[in-house]
**Q** 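Structure below; questions to follow.
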Amino acid sequence: MNARQPLERQVPGMNCQGCVATMRRAIQARDAKAEVTGTPAEKRLEVTTTLADGTLDEALAEAGYPATGRQRHERRVPGMSCQGCVGRMRKAIQAEDPEAEVVGIPDEKRLEVETALEGAILDRLLEEAGYPAARASQSAEPSPAQEPERPSAEETPEKARVPEAEEGDTRATTRRLSISGMTCASCVKSVQQALERTPGVVGAEVNFGTHTAQVRGSADPDALVRAVEDVGYGAEPIVDMREAEQARAERDERDYRRRLKGSAWSLALAVPLMASMFVFHPQPVGSGRLYWLAIGALTLAVMAFPGRHFFINAWKNFRHHQANMDTLIAMGTGTAWLYSMAVVAFGPWLPEVARGIYFEASAMVIGLVLLGNALELRARGRTSDALKRLLDLQSRTARVIRDGEEREVEIDEVREGDHIRVRPGERLPVDGEVTEGQSHIDESMLTGEPLPVTKGEGDEVSAGTVNGKGSLVYRATRVGNDTRLGQITEQVASAQNSRPPIGKLADKVSSVFVPSVMIIAVITALAWFNVGAEPRVIHMLVTATTVLIIACPCALGLATPISTMIGVGKAAEHGVLVRSGDALQTASKLTTLVVDKTGTLTEGKPEVTEAEVIEGDEQDVLGLVAALERGSEHPLAAALMGHAEARQATPGEIRDFDTVTGGGVKATSADGRALLLGNARLLEEADIDLASGREIASGLEQKARTVVYLAVDGRLTALFGISDPLRQDTIAAVKRLQADGLKVVMLTGDNAHTAGAIAREVGIDDFRAGLLPEDKHAEIERRQAEGEVVGMVGDGINDAPALARADVGFAIGQGTDVAIESAGITLVRGSLHGVAAAIEVSRATLRNIKQNLVGAFGYNTLGIPIAAGVLYPLTGTLLSPMIAGAAMSLSSITVVSNANRLRLFRPSAEAAGDDRVNPQKQEDAR
């Protein structure tokens with residue numbers, strides 16, 4: 001039997017409760033226990049029934065009330081754990097229906113979708129996105145008897161720490177792998193394709209800069225490792241990012257020393273050998289053959305030991321029908337060595353012009369490439385400094401109070417609800433709420449605010465911050481990756497692994513680069529053999545070998561990810577968390593920035609400055625206000641609640657509470673009176689006369705107050721004037737944005753008088769007031785249609801549609817989860833200076849990436865033809881393989897060094913010290 005499910009329909013023909021009754025009879029004829037509620041004013045029908053979507057629509061059509069194409073679906077999604085999950089489901093659904101509205105409540109595992117799609121199509125899209133909805137038998141909430149017993153922390157520490165690794169877990173999660181064996185962009189492509197072909201994988205990104213892969217989907221970690229190993233590379237799941245980063249640093253240091261040592265041995269043979277050619281270079285005949293035979297053996301030793309990995313990796317790639325940079329190095333040096341040995345073996349029978357020996361070239365190329373690899377490793381190790389600093393903010397242990405005694409436990413053993421003691425000067429291990437004591441907390445490493453913040457009982461504290469001189473006991477509310485610091489670290493790591501669209505060209509070229517170079521080398525050899533100058537065989541060998549060696553897929557592979565990593569890290573240092581490379585690139589092209597007023601230009605901490613009760617007793621009125629607003633998170637609601645509590649008003653009893661988007665709230669009092677609390681539009685749409693309060697409202701608006709109206713039983717009862725002061729740095733930030741070439745536009749739901757006063761004060765010429773969320777969405781669409789590239793800054797649920805519609809959304813870090821999830825960039829602080837810093841960093845990053853790509857493409861475009869001998873008719877000489885090897889190594893080092901220049905970048909207002917979040921410097925200062 002099907003489980004009962006809530007369904008919602010838009011029914012244009014519903015005009016009264018008589019229409020509702022007719023539809024109720026039609027539905028209950030098929031499901032006698034169905035619950036049917038209609039709201040004629042909104043043309044909305046809500047049904048809780050066992051009927052399928054199609055059956056419900058048939059019943060409504062037969063009753064003469066067909067539903068419109070758009071339907072409201074509700075699904076229980078067990079794998080939904082955060083607003084990031086909601087964002088991925090929204091993206092999958094809107095790919096089929098761009099107008100679909102998707103809202104998720106992770107705590108309740110509930111997804112609400114308003115769409116034109118059929119229920120079956122919706123279920124298929126959710127499953128393809130890696131978030132299958134619960135089956136009908138699972139959709140009902142389990143009874144207490146059915147509720148599975150939760151394992152204790154002591155019983156399952158690993159599963160508690162890494163929930164995505166649970167057996168049988170089919171949720172879409174993000175997993176990270178450490179990849180070994182990659183040497184160039186072609187390797188990246190091979191690994192990425194192998195991961196994307198794995199069943200259950202929704203998407204995969206491989207970063208050559210960090211040698212990591214980020215995989216989204218429900219695939220088993222073992223399957224991912226096998227997929228990578230099957231194409232000839234190594235993989236290992238990353239469980240703890242701090243340990244993984246430390247292991248990577250240690251591995252890179254070992255590789256650095258090994259390659260430096262290998263380079264020294266190789267060059268120790270190659271340099272003297274090359275120098276001796278000017279004074280001693282015997283022909284490979286007679287005793288000269290023994291000399292060259294010994295040199296050949298020494299060169300073979302160089303290839304077999306310091307250069308061993310080039311040949312091993314080339315063989316692995318050959319077995320898997322692939323080719324990479326190792327293939328080119330192995331072919332080039334191997335060909336030179338084999339030809340030289342053939343000359344030594346058959347020297348007496350070869351013409352003198354064919355007796356060229358290139359042992360020194362093989363040894364020199366291996367030595368120079370190893371030296372380049374070592375220098376590249378050292379330079380590349382500095383690119384993830386920002387992530388390392390964030391990881392260093394995480395404590396390894398916590399002092400937990402259990403059973404009345406304090407004990408120090410590993411950070412992974414801390415659970416929600418634990419009470420934790422923090423001594424003076426210690427770093428807080430997890431997020432929580434203070435239960436005992438008072439102190440000043442230094443939050444500068446997370447928020448950038450330089451002054452310590454006083455914390456006492458009931459206040460929230462965050463992991464990674466530092467306690468002052470007092471002692472605190474607090475209750476853990478978020479642990480592990482759920483802490484604010486954990487989420488910031490996760491977002492930085494994810495963004496560093498993402499790729500801006502500008503890098504797609506390099507990805508496409510790198511996928512065919514090595515095979516193309518091999519083909520060019522063969523064509524070059526054939527051309528020289530058939531029509532080249534004498535000695536043809538020598539020229540053929542030199543040009544083909546040089547083409548193989550000079551080609552550098554490494555530079556292409558490093559051009560984008562290294563700059564992206566440093567750019568994202570640099571943004572994080574300035575309190576800007578970039579969600580993806582796409583957002584990073586688009587931010588650099590913005591022409592218009594749309595800002596909300598409340599919480600963006602203003603503090604977002606409004607206060608009631610005037611209260612005018614027109615009818616009734618003040619305490620009764622404030623009691624109704626408190627009852628209406630006590631469940632809301634809106635800043636204006638907090639102001640009204642604070643005002644009511646300050647006057648010790650007792651909240652009244654209400655029922656039928658509902659939120660009106662862009663208007664306010666409505667409910668019914670215990671004695672049946674209709675209650676409305678919100679803006680003028682809300683009351684006017686309910687045909688309530690505002691004449692008695694118009695003069696008062698006008699006076700408040702002239703003072704730049706936001707006016708909130710209360711109506712009881714159809715009559716205007718009270719008005720409240722609410723003031724929300726401007727942020728201290730708003731005016732300077734707006735000027736900075738305008739100086740950066742952006743047009744700043746304010747869109748607000750507030751009245752025109754208040755909006756105009758705020759706009760004039762901050763220096764914004766273009767503003768629109770009295771807007772609903774859909775109006776903001778439409779305004780952004782209009783500007784985009786006119787060719788503007790639009791960014792949006794907001795902090796509330798009502799801003800989410802506009803944030804999602806904008807080319808780049810900037811969410812205030814203290815805003816709602818829905819707003820943050822809808823945005824491409826999150827500001828840890830609320831300051832608009834963060835937006836300016838994000839745009840300036842993104843422009844610098846994109847400029848750096850373009851320089852890298854021009855350098856990488858330019859090097860290969862010029863280097864390969866020169867190696868093939870196009871300049872021979874003019875110069876009469878060919879490029880030496882040794883010079884080609886040096887040039888190849890230098891190209892990679894140049895790209896990495898240029899990317900590291902970003903580390904020195906300083907946004908325009910940094911000197912003011914108003915947007916920095918640099919944990920390391922603040923640590924040093926302490």
Side-chain angles (χ1 to χ4, degrees), residues 82 107 153 161 242 389-402 406-492 572 575 577 599 603-605 633 635 638 642 795 812-817 820 826-831 916-920 922-923 925-926:
C82 64
D107 290 344
R161 185 160 62 96
R242 179 164 52 190
R389 284 196 289 269
L390 284 169
L391 293 171
D392 287 342
L393 292 178
Q394 298 178 351
S395 302
R396 294 183 180 274
T397 61
R399 190 172 290 103
V400 177
I401 303 173
R402 290 178 182 167
E406 292 182 17
R407 65 182 75 171
E408 192 159 311
V409 300
E410 292 292 324
I411 191 67
D412 293 332
E413 296 178 24
V414 179
R415 299 288 172 261
E416 290 184 19
D418 278 344
H419 283 75
I420 298 166
R421 183 178 297 280
V422 185
R423 294 172 180 171
E426 290 185 337
R427 195 179 295 282
L428 277 65
V430 296
D431 292 356
E433 182 179 305
V434 177
T435 59
E436 181 183 322
Q438 185 171 355
S439 185
H440 290 82
I441 302 293
D442 182 358
E443 298 182 334
S444 55
M445 63 286 302
L446 288 183
T447 66
E449 299 291 352
L451 298 177
V453 181
T454 302
K455 298 288 184 180
E457 188 172 340
D459 290 332
E460 291 188 355
V461 290
S462 299
T465 57
V466 177
N467 185 25
K469 296 181 179 179
S471 179
L472 292 176
V473 174
Y474 71 97
R475 178 176 54 83
T477 55
R478 289 185 295 272
V479 300
N481 291 334
D482 293 331
T483 65
R484 188 179 179 196
L485 176 61
Q487 291 171 349
I488 289 173
T489 305
E490 174 71 22
Q491 189 163 337
V492 170
L577 304 180
E603 291 283 358
K605 298 175 183 177
E633 295 181 358
D795 68 333
I812 304 297
Q814 295 92 336
T816 64
D817 284 347
I820 291 171
T826 302
L827 309 178
V828 176
R829 290 181 60 202
S831 172
R916 288 288 288 177
V917 182
N918 191 327
Q920 189 61 50
Q922 289 153 358
E923 278 293 293
R926 281 196 296 273

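We're numbering straight along the sequence, starting at 1.
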**Q** Under the side-chain contact (heavy atoms from CB on, under 4.5 Å) criterion, do Leu472 and Ile441 qualify, and how do the steps go?
**A** CA-CA 10 Å; Leu472 292 176; Ile441 302 293; 3.8 Å; yes

**Q** Residues in side-chain contact (heavy atoms from CB on, under 4.5 Å) with Glu426, at least two apart?
**A** Arg399, Val422, Arg423

**Q** Where do Gly470 and Ser439 come nearest, in terms of heavy atoms and distance?
**A** N-OG, 3.2 Å

**Q** Got a sec, which residues hit side-chain hydrogen bond (donor to acceptor under 3.5 Å, both in side chains) with Ser395, two or more places apart in sequence or on another chain?
**A** none

**Q** Not counting sequence neighbours, which residues clear side-chain contact (heavy atoms from CB on, under 4.5 Å) with Arg475? List them please.
**A** His419, Glu433, Thr435, Thr477

**Q** With sequence neighbours left out, write down each residue that passes side-chain hydrogen bond (donor to acceptor under 3.5 Å, both in side chains) with Glu460, or none if nothing qualifies.
**A** none

**Q** For Glu436, which residues count as a salt bridge (Lys or Arg N to Asp or Glu O under 4.0 Å) partner, sequence neighbours excluded?
**A** none

**Q** Checking Tyr474 against Val430 for the side-chain contact (heavy atoms from CB on, under 4.5 Å) test, could you report, in this order, the C-alpha distance in whole Å, the side-chain angles of both residues, the deciding distance, and whether it holds?
**A** CA-CA 10 Å; Tyr474 71 97; Val430 296; 3.7 Å; yes

**Q** Please walk me through it: do Val473 and Arg421 pass side-chain contact (heavy atoms from CB on, under 4.5 Å)?
**A** CA-CA 4 Å; Val473 174; Arg421 183 178 297 280; 3.6 Å; yes

**Q** Mind listing the closest non-hydrogen atom pair of Pro429 and Ala463 along with its distance?
**A** O-CB, 3.5 Å

**Q** Give, for atom CZ of Arg478 and atom OG1 of Thr483, the distance between the pair rounded to the nearest 0.5 Å.
**A** 8.0 Å

**Q** Working to the nearest 0.5 Å, report the span between CD of Glu413 and OG1 of Thr397.
**A** 10.5 Å

**Q** If the condition is side-chain contact (heavy atoms from CB on, under 4.5 Å), which residues does Glu457 pass it with, not counting sequence neighbours?
**A** none

**Q** Out of Val461, Val466, Leu485, which residue meets the side-chain contact (heavy atoms from CB on, under 4.5 Å) rule with Leu428?
**A** Val461

**Q** How close do Arg402 and Val409 get, heavy atom to heavy atom, and via which atoms?
**A** NH1-CG1, 4.5 Å

**Q** Between Asp442 and Pro452, is there a donor-acceptor pair closer than 3.5 Å when you use the side chain of the first and the backbone of the second?
**A** no

**Q** Nearest 0.5 Å please: distance from the CD atom of Glu406 over to the CD1 atom of Ile420.
**A** 11.5 Å

**Q** Just how far is it from atom NZ of Lys455 to atom CG of Asn467, taken to the nearest 0.5 Å?
**A** 11.5 Å

